[in-house]
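In what follows, residues are counted from 1 in the order of the sequence shown.
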Amino acid sequence: MRRFFLNSAAKRDFFVCLGIWLVLEVICFAVVAALRLETVNFTPQMLFLISLPLGVGGACLLASATQLAQSYSIKFDNPSKSKWLTLGVRFLSWAGLLGIAFPLLVLSFQIVFEVLIKLRE
């Protein structure tokens with residue numbers, strides 16, 4: 001049976017991304033609670049629960065993208081394989097970044113909606 005271990009760069013990326021996500025969680029949801037921004041149909045508690053798997057999953061995706069990029073960093077004979085690998089690594093990275101940045105995106109949308117509602121009145 002083969003075990004999957006992350007290399008040192010992937011472990012570092014995982015923990016850095018997890019730390020960034022935790023800081024964004026605390027800051028963004030504290031700002032949401034302090035400003036009482038509940039214009040969207042979701043409560044801050046529900047958004048926090050949605051954000052948990054997205055943040056951890058995003059950190060995992062970024063770490064796996066790093067692992068994949070470093071595991072297959074050798075030059076391929078066929079350039080199309082290298083192109084698809086690069087595209088896959090970029091897709092994993094961007095998907096991971098979206099999961100990590102979810103609290104910031106929620107805060108941005110709530111502030112924009114609050115401003116639009118105030119302008120409408």
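Between the CG atom of L61 and the CZ atom of F91 there is a distance of 8.5 Å, given to the nearest 0.5 Å. Taking CG of L97 as the start and CD1 of I20 as the end, the distance is 9.0 Å to the nearest 0.5 Å. Atoms CG and CD1, on L22 and I27 in that order, are 11.0 Å from each other to the nearest 0.5 Å.
Residues passing the side-chain contact (heavy atoms from CB on, under 4.5 Å) test with A9, sequence neighbours excluded: N7, R12, T66, Q70. With sequence neighbours left out, the side-chain contact (heavy atoms from CB on, under 4.5 Å) criterion links L54 to I50, F102. Residues satisfying the side-chain contact (heavy atoms from CB on, under 4.5 Å) criterion with C28, sequence neighbours excluded, are L24, P103, L104, L107.
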For this session: Would you sort out whether L52 and L49 count as a side-chain contact (heavy atoms from CB on, under 4.5 Å), showing the intermediate values?
Result: CA-CA 5 Å; L52 288 175; L49 289 176; 4.1 Å; yes

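Applying the side-chain hydrogen bond (donor to acceptor under 3.5 Å, both in side chains) test to pairs two or more places apart or on separate chains, none has a residue in residues 87-97. Sequence neighbours left out, not one pair with a member in residues 96-107 passes side-chain hydrogen bond (donor to acceptor under 3.5 Å, both in side chains). Applying the side-chain hydrogen bond (donor to acceptor under 3.5 Å, both in side chains) test to pairs two or more places apart or on separate chains, those with a residue in residues 14-34 are W21-E25, W21-S51, E25-S51.
Shortest non-hydrogen contact noted between A63 and F14 is CB-CB, 3.7 Å.
You'll find the side chain of Q67 stays beyond 4.5 Å of the side chain of D13, heavy atoms only. In this structure the side chain of I100 reaches within 4.5 angstrom of the side chain of L62, judged on heavy atoms.
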